[in-house]
2 protein chains.
Amino acid sequence: MSISSRFAVGVHILALLEVNKGEQNSSEFIAASVNTNPALIRKIIGMLKKAELVKVRPGIAGAQPAKDLSEITLHDVYKAVQVVQEKELFSIHENPNPDCTVGKNIQDTIGPMFSAAEQAMEKALGNVTIADVVDDILKKEAAQ
Amino acid sequence: MSISSRFAVGVHILALLEVNKGEQNSSEFIAASVNTNPALIRKIIGMLKKAELVKVRPGIAGAQPAKDLSEITLHDVYKAVQVVQEKELFSIHENPNPDCTVGKNIQDTIGPMFSAAEQAMEKALGNVTIADVVDDILKKEAAQ
DNA sequence: AACACTTGTAACTAAAATTATTACATGTAA
DNA sequence: TTACATGTAATAATTTTAGTTACAAGTGTT
């Protein structure tokens with residue numbers, strides 16, 4: 001199965017804050033760009049806020065990035081929106097037979113192997129920043 | 001969310017074929033080791049068969065690896081059991097607003113970035129073989 | 001102070017996917 | 001033919017995601 005689009009939406013939100021930085025980026029405005037519900041946007045922004053990636057205040061319309069976008073990586077967003085719990089990208093079947101050599105040891109054996117693959121993926125996400133995303137969006141826009 | 005345990009079960013099955021190679025590895029026997037249903041095991045073995053990783057024949061009990069286990073990587077199993085469609089590890093929200101600069105371009109921008117991370121993960125899986133898994137299981141077993 | 005507007009959250013619904021289970025047709029061999 | 005195994009479809013149960021509604025709480029203007 002796929003990783004929740006909450007991650008993609010989180011990236012969308014941060015990119016939008018930059019591209020549309022002159023305006024008031026209310027949850028309703030952002031929801032219109034993402035094409036979803038304002039409540040969902042507020043929920044995701046709340047997660048980004050907890051991870052100290054954006055600044056928002058109750059009652060005041062709009063959100064702002066909490067730091068320079070070249071210092072926020074896709075990995076930061078990925079962690080912030082908690083689409084996957086730590087070391088749980090791959091699920092491993094529970095309760096294999098403890099009376100079987102394979103059943104007894106399989107979890108401890110493949111756990112670290114799966115984690116290594118997960119970390120490789122996360123490392124790749126760490127190589128891209130929101131600034132890169134914004135640059136690419138603007139480049140594509142200019143080419144039209 | 002997590003990637004289906006079908007992947008972990010696929011690895012379990014292949015490891016079991018080696019560790020228990022003297023015996024008849026019927027779907028019922030394997031199911032007892034994995035602790036699940038024989039029908040599920042047959043379904044997964046069917047996928048491994050289609051990927052030419054195991055040999056099975058209708059009516060005849062037991063399955064065998066189709067090649068040397070040092071030549072079957074976790075990546076092969078991952079692809080065989082189709083837990084994730086090609087380039088779809090990360091889902092991207094559909095129908096963003098085409099009248100918005102970000103909405104119009106976000107999919108094309110983050111798609112390749114997400115794919116790169118996905119490929120990094122798959123590459124890591126390609127570095128480990130079922131033979132490595134079996135070695136580790138036997139090492140852990142001997143240490144007890 | 002009243003009003004309009006916004007964020008923060010909880011609760012609920014709907015839709016989708018995974019896993020488990022049942023059933024049975026098909027194939028093999030004694 | 002009998003016993004047993006695989007192949008596969010259909011269904012149910014569980015879990016998760018995404019979408020929606022509702023409303024309390026915060027802010028600023030008039």
Side-chain angles (χ1 to χ4, degrees), chain A residues 1-10 12-13 17 23-51 54-64 66 78 80-85 88-97, chain B residues 1-10 12-13 17 23-51 54-64 66 78 81-85 88-96:
Chain A
M1 194 198 169
S2 290
I3 288 172
S4 167
S5 65
R6 200 157 66 233
F7 176 33
V9 173
H12 185 137
I13 292 171
L17 294 186
E23 313 295 318
Q24 276 193 346
N25 294 297
S26 67
S27 63
E28 190 171 356
F29 175 84
I30 297 173
S33 173
V34 172
N35 191 25
T36 183
N37 202 286
L40 202 59
I41 297 298
R42 291 198 287 274
K43 189 176 173 187
I44 295 174
I45 284 185
M47 298 177 115
L48 296 176
K49 180 184 183 180
K50 188 174 287 184
V54 301
K55 289 177 186 163
V56 216
R57 276 178 302 176
I60 301 180
Q64 295 83 39
Y78 175 85
V81 299
Q82 301 174 37
V83 282
V84 171
Q85 300 306 306
E88 289 189 8
L89 174 60
F90 300 94
S91 55
I92 299 178
H93 51 297
E94 318 244 312
N95 310 314
N97 191 339
Chain B
M1 194 198 169
S2 289
I3 290 172
S4 167
S5 65
R6 199 157 67 234
F7 176 34
V9 173
H12 185 136
I13 292 172
L17 293 186
E23 314 295 317
Q24 276 193 344
N25 294 298
S26 67
S27 63
E28 191 171 356
F29 175 84
I30 297 173
S33 173
V34 172
N35 190 27
T36 183
N37 201 285
L40 199 60
I41 297 297
R42 290 198 288 274
K43 188 177 174 187
I44 295 174
I45 284 185
M47 297 177 115
L48 296 176
K49 179 183 184 181
K50 187 175 287 186
V54 301
K55 289 178 187 164
V56 216
R57 276 177 301 177
I60 301 179
Q64 296 84 37
Y78 175 85
V81 298
Q82 301 174 35
V83 281
V84 170
Q85 300 307 306
E88 289 189 7
L89 175 60
F90 300 93
S91 55
I92 300 178
H93 52 297
E94 316 243 313
N95 309 315

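We use all heavy atoms of the structure for the numbers below, so side chains are in, but hydrogens, waters and symmetry mates are not. Order of the sequence lines sets the chain letters (A, B, ...), proteins ahead of strands, with each chain counted from 1.
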Practice item. Provide, to the nearest angstrom, the distance between the CD1 atom belonging to A:Ile41 and the C1' atom belonging to D:dT20. Key: 14 Å
Study note, to complete from the structure: Taken to the nearest whole Å, CE/A:Met47 to P/D:dA18 is 11 Å
Review point. Which nucleotides of nucleotides 19-30 of chain C have their base under 4.0 Å from a protein heavy atom (B), which only their sugar-phosphate (S), and which neither (-), written as one string 5' to 3'?
Key: SSBBB---BS--
Exercise for review: Find the bend of the helix from C:dA1-D:dT30 to C:dA30-D:dT1 as the angle between its two terminal axes (five pairs each), to the nearest 10°.
Suggested key: 10°
Review point. Which whole-number value in Å describes the distance from B:His93 NE2 to D:dT17 C1'?
Key: 15 Å
Check your understanding: For A:Ser4 and B:Ser91, which heavy atoms make the closest approach, and how far apart are they?
Key -> C-OG, 3.5 Å
Revision key, fill the gap. Separation between CZ (A:Arg6) and CG (A:Leu48), nearest 0.5 Å, reads 10.5 Å
Revision key, fill the gap. Taken to the nearest whole Å, CZ/A:Phe7 to P/D:dA18 is 13 Å
Review point. For B:Phe90 and A:Ile3, which heavy atoms make the closest approach, and how far apart are they?
Key: CE2-CD1, 3.6 Å
Point to revise | Minimum heavy-atom distance B:Val81-B:Met47, with the two atoms named | key: O-CE, 3.5 Å
Show me the donor-acceptor pairs within less than 3.5 Å that the side chains of residues 26-35 of chain B make with the rest of the protein, sequence neighbours left out.
from    : atom 1 : to      : atom 2 : distance (Å)
B:Ser26 : OG     : B:Phe29 : N      : 3.1
B:Ser27 : OG     : B:Arg42 : NH1    : 3.0
B:Ser33 : OG     : B:His12 : NE2    : 2.8
B:Asn35 : ND2    : A:Asn95 : O      : 2.8

**Study point:** Interatomic distance, A:Glu28 CD vs C:dA4 P [rounded to whole Å]
**Key:** 16 Å
Review point. What's the shortest heavy-atom distance between B:Ile92 and A:Ala8, and which atoms?
Key: CA-CB, 3.9 Å
Point to revise | Working for side-chain contact (heavy atoms from CB on, under 4.5 Å), residues A:Thr36 and A:Val9 | key: CA-CA 10 Å; A:Thr36 183; A:Val9 173; 5.5 Å; no
Review point. Which distance, rounded to the nearest 0.5 Å, do you find between the CG of A:Leu40 and the CD1 of A:Ile44?
Key: 4.5 Å
Exercise for review: Round to a whole Å and report the spacing from CG of B:Asn95 to C1' of D:dG19.
Suggested key: 14 Å
Check your understanding: Could you give the NZ-to-P distance, from A:Lys50 to C:dG8, as a whole number of Å?
Key -> 12 Å
Check your understanding: What does B:Lys49 touch in the nucleic acid at a heavy-atom separation under 4.0 angstrom: a base, only the sugar-phosphate, or nothing?
Key -> sugar-phosphate
